[in-house]
Each structure stands twice: as structure tokens, then as C-alpha cells.
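Written out below as C-alpha cells is the structure these notes cover.
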Amino acid sequence: MKKKIPYVAAWAISGSMLFTACSGASNPTSASDATTAIAISASETEAQSDELLLTIEENFDGTTDFWQINGECEVALQNNTAIISDRGASNAGIEIPCNNFRGNTIRASANVASENSNVALTLKYNIYGNTSYVRIAEGTTSASIFGTITGTVTIPANASECAVYVESSDVRDITVNSMTVAVEGNFNDLTNTPPAELQDPSGYDSLKELYADYFRVGTCLPVSVIDNPNTEFLTLLNTEFNSVTPENELKPENVLDAATTLANPEEYNECPALDFSAADPILSYCQENGIAMRGHTLIWYSQTPSWLFYEDYDVNGELASRELMLTRMENYIDSVMSYCEENYPGVIYAWDVVNEAADDNGRGMRECYWIDTIGEDYVERAFEFARAHAPEGVQLFYNDYNEYFTSKQNEILDFLRPVAEAGNIDGIGMQSHISNMIMPETYIEAMNRYVDELGVIIHITELDVNAPISANPLYDQGVYMQSLFEAIIEAKDNGTPIECVTFWGLTDDMSWRSSNTPLLFTGNIEPKPAFEGVVCAITGGEIATPDDYVVVEVDLSPISEDYEDEEYIGSPRYSSTQSISDDNPYSGDYCLENSGGNETYDGYCIDVTDFAGVSIHYSFAVRSDADMVNFTADIEGSWPHITEVDTSSGEWVVVEGDYLVPSGLSYLQVYWESSDMSPFYLDDVSIEAN
């Protein structure tokens with residue numbers, strides 16, 4: 001995401017295990033239980049018996065043994081570090097179990113060095129027999145300098161077998177100097193609290209039936225659901241959905257057979273060996289139960305091991321030639337499509353051929369191995385090969401996130417136009433991970449632009465909507481979900497070719513964004529107001545107001561500043577500087593100048609929290625030597641551009657428009673930022689409720 005806090009390298013500080021007593025705790029806990037298999041000596045257990053362990057710190061100095069191996073890799077302890085090598089997949093590394101921290105917010109950190117482009121910390125846990133993964137934090141890494149990666153995440157109360165592990169963008173070695181997992185805030189001791197009882201969803205309103213005249217309704221599905229002894233999850237799947245996307249099982253990392261390929265690189269030089277054992281159970285279930293499947297994904301910069309791109313599959317050698325990589329790409333696409341069609345004919349009706357090729361922030365195509373080896377036409381060639389080998393009637397899609405932001409949409413359209421002109425693409429997959437409560441009208445406008453300019457159909461492929469930070473978060477989420485689906489229904493009625501809407505997960509606790517409760521059902525499969533909102537959008541009903549609804553009083557006084565009194569009400573964003581200027585104001589004698597800063601997003605911001613849930617009308621005049629000045633919202637870790645202003649002329653540009661401020665946030669800013677950190681000038685700023 002574009003406003004991610006910059007990663008800063010920091011030298012490791014050695015330390016010992018930290019123990020913190022929890023006053024009044026009646027149930028002492030340790031770092032693990034019988035399910036986590038962590039080795040703790042008898043003396044350590046005695047030391048912990050009267051205290052509650054709230055911080056687990058591992059320094060790999062031989063005094064503790066809290067870590068264990070995650071995935072296929074080798075780990076050697078050397079000079080108070082853990083060196084992770086021979087990593088069979090990007091998620092292979094070391095982990096620290098933290099099962100007794102379920103139901104709590106934790107802070108995890110790791111001091112690492114690696115030749116991988118980035119290293120990440122991820123939380124994994126079991127939720128009623130399903131395994132879920134949540135990214136905690138990631139950072140750019142160096143092989144020669146240790147840097148610290150840290151972040152927070154909330155572990156679902158119903159989780160078990162919880163662990164934080166180190167992974168990376170690639171399969172190169174990772175050296176870990178220390179790892180820490182600690183409870184933040186008050187500790188919620190759920191040691192003797194069983195998970196909530198699973199609900200039976202068989203009697204719920206069926207979304208696939210309610211929307212049968214409009215589009216398929218889908219979900220992503222991990223393989224663990226298929227053989228889960230808790231059959232309520234399959235009941236939920238069968239009741240609500242008629243389209244499935246495997247969550248990870250058809251991504252290249254899980255299809256490429258590393259052991260076989262690397263053992264005999266000469267034999268597999270032009271076509272790596274494949275293994276579909278991860279995906280077979282989902283494909284088989286869909287075939288047996290008449291559920292259509294979206295294939296996800298053939299070509300992706302992520303979760304594709306680096307060895308695929310090297311001569312002889314040797315990451316210590318030279319990158320493969322363009323010709324060889326084109327051959328490997330075509331053979332891979334052909335082999336994957338052919339296997340699925342031959343063994344499960346007719347199950348897969350659409351493929352995401354290329355996933356997330358566009359960079360963020362208007363910077364063109366994302367740097368990746370595919371560009372390094374083939375070039376920027378790799379997207380065109382992938383679709384060319386897919387069209388040549390796709391079974392008859394199978395649709396071909398490009399899939400991406402933030403696809404509704406104008407700057408990123410421009411990038412996507414640029415590299416897909418030749419694909420469309422060649423007739424090799426059928427649809428756009430709009431992931432729609434909406435944490436910013438984007439206005440439904442803006443979302444539909446972006447959707448229609450793809451349709452109009454590329455002649456494609458639309459699938460909403462990975463929909464989740466974070467519950468806002470508000471007095472009534474789940475209710476507000478439901479109200480928004482209803483408005484979003486009402487807009488989608490209206491668009492479909494008006495001719496927008498929306499053929500599938502897929503929710504990215506079955507329940508909140510199974511979501512990669514579980515801390516933000518972004519889906520339709522709670523962890524134990526209770527329907528949420530979000531589900532009610534989707535139902536009401538098609539039936540015409542209204543979401544029930546909860547008994548504990550909190551009425552929030554706000555001040556909707558207009559915000560206005562023309563700087564003629566040489567004052568302003570806003571504030572700097574990060575390291576920017578504001579000053580009153582008489583340099584060519586738009587009107588009157590003065591305007592506001594924004595300058596300085598270390599990043600493009602260091603700008604001028606105004607607090608609009610009181611307008612939460614309200615449609616506002618904004619207007620302002622802006623000029624800059626930058627190509628573009630963006631008017632942006634800062635919402636819960638995402639930064640949608642409310643409007644993007646072409647300022648390349650260097651002259652004043654007058655802007656006005658409307659924006660629906662997300663409901664009930666505890667704090668919300670809007671801010672102005674230039675595309676290249678050039679100074680910009682503002683005048684006649686006005687924000688008022690419609």
C-alpha cells in the first residue's frame with residue numbers, strides 16, 4: 001500500500017526471556033500447550049508456574065527453545081542467529097507458537113537479514129479445523145544489514161494452534177537474529193474458555209438463489225474445508241454459493257513440484273514438473289457437487305518461486321533467456337489448463353491468467369521476475385498462450401486490487417489494450433478489498449470504464465469490506481454493504497456485464513483480514529448485519545437496528561478557509577511544512593503553500609471526523625509544478641484518492657465534487673499530496689455537508 005510506514009533497518013539488541021505477571025490471574029499459562037510442541041525445560045516451567053507469560057522472546061542463544069520449523073526448510077543456529085536455508089516455498093521458515101494469546105491483540109517483531117526483496121511476519125491459526133493466515137507486517141530487507149519488522153494483529157477468540165512465523169517473497173535464505181511475540185494492552189485469558197458453538201447455516205437465506213437472475217455468488221475456499229469434520233462449513237458453502245475460487249491451492253507455488261524439478265533440471269528445463277495434490281480435493285468436490293470454479297491464478301509475481309526464472313533452475317546462476325522463459329510460461333499454462341480440464345472437465349469456467357501486474361502510485365508495471373526475463377510484454381504473451389490452450393468457453397481474466405483508483409486503472413488499461421485488441425481477454429477481475437468504504441457510484445464508474453474501453457465482462461473476485469472503527473461498526477458495515485449491492489444491482493440492470501461476485505472467505509475468522517471482520521458471517525457462522533445488508537439489497541428490506549445502537553452527536557459546521565486572515569485550520573502530514581504565501585494566490589492576497597517532506601504523501605490535512613457517514617461537497621483551487629495533486633482520504637490504513645487533479649500546466653485548477661465519508665470512524669483526515677513532492681498551493685478550500 002502506498003502509505004506504508006517506511007522500513008528502517010535497525011541493529012539487533014540481545015536480551016533474555018521476558019516474563020510479566022498478570023495481576024489477579026487465576027490460571028497461570030506458559031508459552032505453549034500440548035498442541036504446540038514447544039520445548040521448555042523443567043526449571044523454566046517452575047520459574048513460570050507463578051507468573052503469566054505475556055511476552056515470548058527468542059534470541060537463538062541457546063538459553064531458550066521456543067521456536068520450531070514451519071514448512072520445508074533447514075535451520076541452523078550460529079552466532080546467536082537462526083539461518084533458514086533450503087526453503088521449499090516462500091512461506092517456509094521458523095515460527096513461535098502463541099496459542100495462549102488467542103482473543104488478544106499481539107505485537108510481533110523479528111530482526112532479520114535476507115537476500116529476498118522483503119521478509120514478512122504472518123499469523124497462522126486453526127479455526128474450527130480450517131487453517132487461516134493473516135499478514136502482520138513486512139519490510140524490505142538486506143543481506144548485510146539486520147532490520148526489524150514489527151506489527152500488530154488480533155488473534156480470533158475461537159482460534160487454536162496459533163503461531164507467528166517468518167516468511168519472504170522468495171525462497172532465498174533468511175537469517176533471524178531475534179523474534180518476539182507479546183500481548184498488547186490488557187490480557188484476555190481464554191485458557192479455559194472453549195470456542196463458540198458453530199451454527200447451522202442450512203436455514204439461512206440463500207444468496208445464490210436470491211441473486212440467480214443477476215450473477216453467480218462465490219467464495220474462496222481453502223482445502224481444509226473439504227475434509228473438515230465440522231460439516232457446517234460445507235453446509236454454508238452449499239447453501240450460499242455457486243462459485244468457488246481455491247484460496248491458495250492453484251497458485252504457482254502450490255502447483256510447481258520443486259523437489260522433482262530441481263532434482264532433474266535438464267529433464268524439466270522447458271516445462272517444470274507439476275503436482276496438483278493440493279488442489280485435487282477442491283476440484284473433485286466441485287465436480288461432484290456441480291459447483292463452478294474460477295481458476296486462480298496462472299501468472300503472478302508473488303507465490304511463484306524464483307528458481308523458475310533461472311537457467312537450470314539454479315538461483316545462484318544466470319536468469320533464463322527470454323526465449324526459454326516464454327517456453328516455460330506457455331508450457332506451464334498449457335499443462336495446468338490441460339490437467340484441470342482432462343481430469344475435471346467443465347469445472348473451471350474462468351481463469352485469472354495474470355494477477356496484479358500493475359504497480360501502485362501510477363508507476364507503471366510492477367517490477368518482477370517476469371519483466372526481468374521476458375519484458376513488459378509478458379502480460380500480452382501470457383494471454384496469448386492462455387487463449388491458445390484454454391478449453392472452449394473458458395473465460396480469461398486479468399485480476400488486480402485497488403483497480404478502482406484512477407491512476408492504477410490507467411496503468412491497467414495501458415497494458416491490457418493490446419491484449420483486448422488481439423481478442424485474448426474476456427474479463428476484468430476486480431478484487432475489491434475495500435477498507436476505505438469507497439463510494440459505490442465511484443466503484444461502478446471504474447467498473448464501467450473497463451467495460452467501455454476493453455469490451456470485457458466483470459467479475460468481482462475477492463470482495464471484503466472492513467468494518468469501520470465506529471460506535472456501531474457491524475451495523476455500519478451492514479448499511480454500507482446494502483448500499484454497495486444496491487449499486488451493483490442497479491448497474492447490472494443498466495447493462496453492466498457483472499457475471500460473478502465472490503466474497504474472499506467464508507467467515508471473519510477465516511479471512512486474511514480477520515482483525516477487521518470483513519465478511520458476512522462471524523467465526524462460528526452466525527450471520528452478520530453485512531449478510532443482512534446483501535439480502536436486503538435484493539429483497540428491498542431494511543437492516544434491523546441493534547438494541548445497543550449508539551447515537552453519535554456530531555458538528556456539521558462547514559469548513560472554509562481562504563487564508564486572507566493569514567491562518568489555516570489544518571495541520572502538516574508527517575514532515576511537510578505549511579506557510580501562508582502571497583505568491584500568485586488564486587483569489588485575494590494570500591494562499592497556502594505546502595512544501596518539504598520526505599515522501600509524496602507528506603502534505604496538508606484537515607480533520608473531517610465529524611462528517612462520518614455524511615455526503616460532503618468539497619471545492620478548492622490548487623496549483624503545482626507536479627504533474628498531479630491528489631485529494632486523498634486517510635482511512636483505517638488505506639488511502640483512496642477522492643479526486644486526482646492534473647496540475648501539469650502549473651496554473652490554478654478549480655476542483656469540486658462530492659464524497660461519502662465512511663460511517664462512524666473514530667478519526668478521519670482528508671489531505672492533499674503532490675505526485676513528486678513538488679510544493680503545491682491551495683486556495684478557497686470549502687468542505688460542507690450536502
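For the numbers below, each heavy atom of this structure counts, side chains included, while hydrogens, waters and symmetry mates do not.
Side-chain contact, Asp170 with Ser168: no donor N or O sits under 3.5 Å from an acceptor N or O. One side chain, Glu167 or Thr122, offers a donor N or O that lies under 3.5 Å from an acceptor on the other. A donor atom on one side chain and an acceptor atom on the other are not found under 3.5 Å apart for Arg107 and Thr180. Tyr211 and Asn242 form no side-chain donor-acceptor contact under 3.5 Å, judged by distance and modelled atom types alone. Asn228 and Asn130 are linked by a side-chain donor-acceptor pair at a separation below 3.5 angstrom, with hydrogens and angles left out of the test. In the model, Tyr128 has no side-chain atom that pairs as donor or acceptor with a side-chain atom of Ser160 under 3.5 Å. Side-chain contact of Trp639 with Asp634: a donor-acceptor pair under 3.5 Å is present, judged by distance alone. Thr632 and Tyr601 are not linked by any side-chain donor-acceptor pair at a separation below 3.5 angstrom, with hydrogens and angles left out of the test. In the model, Lys251 has a side-chain atom that pairs as donor or acceptor with a side-chain atom of Asn248 under 3.5 Å.
In terms of modelled atom types and a separation under 3.5 Å, the side chain of Ser432 and the main chain of Met430 share a donor-acceptor contact. Although no hydrogens or angles enter the test, the distance criterion places a donor-acceptor pair under 3.5 Å between the side chain of Lys208 and the main chain of Asn238. A donor-acceptor distance shorter than 3.5 angstrom exists from the side chain of Glu249 to the backbone of Val223, with no hydrogens or angles considered. Between the side chain of Thr304 and the backbone N or O of Trp300 there is at least one donor-acceptor pair closer than 3.5 Å. Put simply, the side chain of Arg87 gets close to the backbone of Ala92: a donor and an acceptor are under 3.5 Å apart. Gln477 contributes a side-chain N or O that, together with a main-chain N or O of Val465, makes up a donor-acceptor pair within less than 3.5 Å. In this structure, Ser483 contributes its side chain and Met481 its backbone to no donor-acceptor pair below 3.5 Å. One N or O on the side chain of Asn126 and one on the backbone of Gly129 form a donor-acceptor pair closer than 3.5 Å. Looking only at distances, no side-chain donor or acceptor of His296 sits under 3.5 Å from a matching main-chain atom of Glu247. Between the side chain of Asp189 and the main chain of Thr191, a donor-acceptor pair closer than 3.5 Å is present.
The side chain to side chain donor-acceptor pair (under 3.5 Å) test with Thr461 is passed by exactly one of Thr502, Asn355, Asn399: Asn399. Partner of Ser178 under the side-chain contact (heavy atoms from CB on, under 4.5 Å) criterion, chosen from Thr148, Asn59, Val112: Asn59.
Nearest approach of Thr55 to Phe101, heavy atoms of both residues: N-CZ, 4.4 Å. Taking both residues in full, the closest heavy atoms of Ile155 and Cys98 are given as CD1-SG, 4.2 Å, listed atom of the first, atom of the second, then distance. Scanning all heavy atoms of the two residues, the minimum distance from Val134 to Ser511 falls at CG2-O, 3.7 Å. Taking all atoms of both residues into account, the shortest heavy-atom contact from Arg513 to Asn466 is CD-OD1, 3.6 Å. Between Leu660 and Gly613, the closest heavy-atom pair is CD1-O, 4.1 Å.
Partners of Ser169 according to the side-chain hydrogen bond (donor to acceptor under 3.5 Å, both in side chains) rule, which considers only residues two or more places apart in sequence or in another chain, are Ser117. For Asp400, the salt bridge (Lys or Arg N to Asp or Glu O under 4.0 Å) partners are Lys408, not counting sequence neighbours.
Side-chain contact between Ile94 and Phe60 is present, with heavy atoms from C-beta onward closer than 4.5 Å. Taking the side chain as every heavy atom from C-beta outward, Leu198 and Phe233 approach each other to under 4.5 Å. At least one side-chain heavy atom of Thr517 sits under 4.5 Å from a side-chain heavy atom of Leu474. Looking at Asn516 and Asp508, their side chains never come closer than 4.5 Å, going by heavy atoms from C-beta outward. Proximity of Cys536 to Phe485: side-chain heavy atoms (C-beta onward) are nowhere separated by under 4.5 Å. Contact check for Thr245 versus Leu221: no side-chain heavy atoms found under the 4.5 Å cut-off. Within the 4.5 Å cutoff, the side chain of Val255 has heavy atoms near those of the Leu250 side chain. In this structure the side chain of Asn91 never reaches within 4.5 angstrom of the side chain of Gln303, judged on heavy atoms.
Separating the CD atom in Glu58 from the CD atom in Gln68 is a distance of 11.5 Å, to the nearest 0.5 Å. Interatomic distance, CD of Glu253 versus OG of Ser90, reported as 3.5 Å (0.5 Å rounding). Separation of atoms CE (Met510) and OG1 (Thr131) is listed at 9.0 Å; rounding is to 0.5 Å. Put simply, CG on Asp200 and OG1 on Thr239 are 8.0 Å apart, with the number rounded to the nearest 0.5 Å. Here the straight-line distance linking atom OH of Tyr480 with atom CD1 of Ile434 works out to 4.5 Å at 0.5 Å rounding. Atoms SG and CZ, from Cys162 and Arg102 in turn, are 8.0 Å apart once rounded to the nearest 0.5 Å.
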If you apply the rule side-chain contact (heavy atoms from CB on, under 4.5 Å), what do you find for Gln431 with Glu403, and how did you get there?
CA-CA 7 Å; Gln431 290 188 15; Glu403 68 291 336; 4.2 Å; yes
Report the C-alpha distance between Ile525 and Thr522 in whole Å, list the side-chain angles of each, state the deciding distance to 0.1 Å, and finish with yes or no for side-chain contact (heavy atoms from CB on, under 4.5 Å).
CA-CA 5 Å; Ile525 319 184; Thr522 64; 5.8 Å; no
Using the side-chain hydrogen bond (donor to acceptor under 3.5 Å, both in side chains) rule, take Tyr401 and Asp360 through it: C-alpha gap first, then chi angles, then the decisive distance, then the call.
CA-CA 10 Å; Tyr401 65 93; Asp360 297 314; 2.9 Å; yes
With salt bridge (charged side-chain N to carboxylate O under 4.0 Å, His left out) as the test, would you mind laying out the steps for Glu95 and Lys124 before giving the verdict?
CA-CA 10 Å; Glu95 66 183 24; Lys124 71 174 182 179; 2.9 Å; yes
What do the steps show when you test Glu57 against Met179 for side-chain contact (heavy atoms from CB on, under 4.5 Å), and what is the final call?
CA-CA 6 Å; Glu57 184 171 347; Met179 284 183 70; over 6 Å; no
Are Tyr285 and Asp227 close enough, and set up right, to give a side-chain hydrogen bond (donor to acceptor under 3.5 Å, both in side chains), and what steps lead you there?
CA-CA 10 Å; Tyr285 186 85; Asp227 57 1; over 6 Å; no
Show, in sequence, the C-alpha distance, side-chain angles and deciding distance for Ile106 and Thr154, and conclude whether the side-chain contact (heavy atoms from CB on, under 4.5 Å) test is met.
CA-CA 6 Å; Ile106 61 169; Thr154 300; over 6 Å; no
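The number of heavy atoms from other shown groups lying within 6.0 Å of CG (Asn186) does not exceed 12. Under a cut-off of 6.0 angstrom, the local environment of CD in Glu184 is crowded, with over 12 non-hydrogen atoms contributed by other residues, nucleotides or ligands.
Checked against the 6.0 Å centroid threshold, Phe521 and Phe241 do not count as a close aromatic pair.
Identified under the salt bridge (charged side-chain N to carboxylate O under 4.0 Å, His left out) test for residues 284-297, with sequence neighbours left out: Arg294-Asp352.
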